[in-house]
Amino acid sequence: MVDLGERRIAVPMIIAMKGHPGTGKSTLAQSLASSLKIPLIDKDDVRHCTFSLQNSSLSSIASLSKLFNDLSYRVIWQIASTQLRLGLSVILDSPLSRKTHLDQLTYLASSAGARLVIIECKPLNEALWRLRLEQRGAADQDSWHKPSTWQDLQRLLEEYGGCTDYDVGDVPKLVVDTTADVGIDEIVSRVVQFIISHAHCPSDSCGVLQLQS
């Protein structure tokens with residue numbers, strides 16, 4: 001059982017982050033994991049480890065990039081499955097950019113008897129989002145596989161072709177404006193309350209909420 005302040009969850013939960021690069025997913029995910037004291041499984045941690053493999057292969061970079069990206073998802077799902085079997089809740093930090101990714105998590109949650117909720121980071125202040133993205137790209141050497149400029153991000157979004165805006169069905173989702181003029185502690189507090197409120201919520205009574213300033 002996971003302690004969430006004065007409330008307790010009798011079943012494990014998958015708290016799945018969602019959002020484009022630079023939207024503040026990882027910052028929020030890390031703060032949530034620290035606050036809730038539950039494991040954080042970050043897709044980027046796996047993807048970083050493929051750098052030497054991708055650059056030492058004779059295969060095309062594009063095909064390898066997709067292969068290792070898909071592998072990164074499979075690895076974090078497998079790790080999450082192990083934690084859920086142990087009765088532990090997990091936070092999964094990934095873009096969750098395609099419906100097939102959600103389908104996998106839905107299956108994983110059903111198989112483990114776990115609750116699944118989505119926390120989507122969607123900044124409304126585009127200028128601030130752009131600034132954060134490019135500051136990270138200039139300073140973080142580990143972001144080699146992520147867009148480092150606004151132009152890079154726009155090309156990535158064109159490749160997605162709108163597939164990231166899919167219907168999550170009955171899965172509870174909270175949309176967070178990570179550029180809102182509030183502190184991270186307040187955002188975390190509101191997200192934790194959302195998680196608590198859905199810990200025992202029947203799927204047919206859960207919905208999508210917007211969290212802004």
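Because the structure is predicted, anything quoted here is derived from the model rather than measured.
Looking at Ile118 and Leu174, their side chains never come closer than 4.5 Å, going by heavy atoms from C-beta outward. At a threshold of 4.5 Å between non-hydrogen side-chain atoms, the residues Leu28 and Cys121 count as touching. The shortest distance between side-chain heavy atoms of Gln151 and Glu134 falls below 4.5 Å. Looking at heavy atoms from C-beta onward, Leu96 lies out of side-chain contact with Met17 at the 4.5 angstrom threshold. Using a 4.5 Å heavy-atom threshold, the side chains of Ile41 and Val75 count as separate. Side-chain contact between Val175 and Lys173 is present, with at least one heavy-atom pair separated by less than 4.5 Å. Within the 4.5 Å cutoff, no side-chain heavy atoms of Ile14 are placed close to those of Val117. Side-chain contact between Leu156 and Pro21: present, with at least one pair of heavy atoms (C-beta onward) separated by less than 4.5 Å.
Contact between Ile91 and Ala29 at its shortest, heavy atoms only, is CD1-O, 4.0 Å. Listed here is the closest heavy atom pair of Gly22 and Arg136: N-NH1, 3.5 Å. Considering every non-hydrogen atom in both Val192 and Leu36, the closest pair reads CG2-CD2, 3.8 Å. Residues Pro12 and Gly113 share a closest heavy-atom pair of CD-O, 4.3 Å. Nearest heavy atoms, Lys18 versus Pro95: CG-O, 3.4 Å.
A distance of 10.0 Å separates CD in Glu120 from NZ in Lys25, rounded to the nearest 0.5 Å. Put simply, CG on Leu92 and CG on Asp42 are 9.5 Å apart, with the number rounded to the nearest 0.5 Å. To the nearest 0.5 Å, atom OG1 of residue Thr23 and atom CG of residue Leu133 are 9.5 Å apart. The CE atom of Met13 lies 8.0 Å from the CD1 atom of Ile38; values are rounded to the nearest 0.5 Å. In this structure, CH2 on Trp77 lies 15.0 Å from OG1 on Thr82, to the nearest 0.5 angstrom. One distance of note links CD1 of Ile187 with CD1 of Ile119; it measures 11.5 Å at 0.5 Å rounding.
Residue pairs that meet the side chain to side chain donor-acceptor pair (under 3.5 Å) test with at least one member in residues 91-100, sequence neighbours left out, are Ser26-Asp93, Lys99-Asp103. Applying the ring-ring contact (aromatic ring centres under 6.0 Å, His included) test to pairs two or more places apart or on separate chains, those with a residue in residues 105-140 are Trp129-Trp150.
In the model, Asn69 has no side-chain atom that pairs as donor or acceptor with a side-chain atom of Ser72 under 3.5 Å.
Residue Leu131 is not grouped with residue Ile184 when hydrophobic side chains (ILVMFWY) are merged at heavy-atom distances under 4.5 angstrom, including chains of intermediate members. Hydrophobic clustering keeps Leu153 apart from Leu128 (ILVMFWY residues linked when any side-chain heavy atoms are closer than 4.5 Å, directly or through intermediates). Hydrophobic cluster membership differs between Tyr160 and Leu102, with clusters built from Ile, Leu, Val, Met, Phe, Trp and Tyr side chains linked at under 4.5 angstrom. Clustering ILVMFWY residues whenever any of their side-chain heavy atoms sit less than 4.5 angstrom apart, transitively, puts Leu105 in the very cluster that holds Leu71.
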Exercise for review: Mind running salt bridge (charged side-chain N to carboxylate O under 4.0 Å, His left out) on Asp44 and Lys146 for me, showing each step along the way?
Suggested key: CA-CA 9 Å; Asp44 283 344; Lys146 297 180 286 187; 3.0 Å; yes
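Here Asp70 pairs with Lys66 under the salt bridge (charged side-chain N to carboxylate O under 4.0 Å, His left out) rule; sequence neighbours left out.
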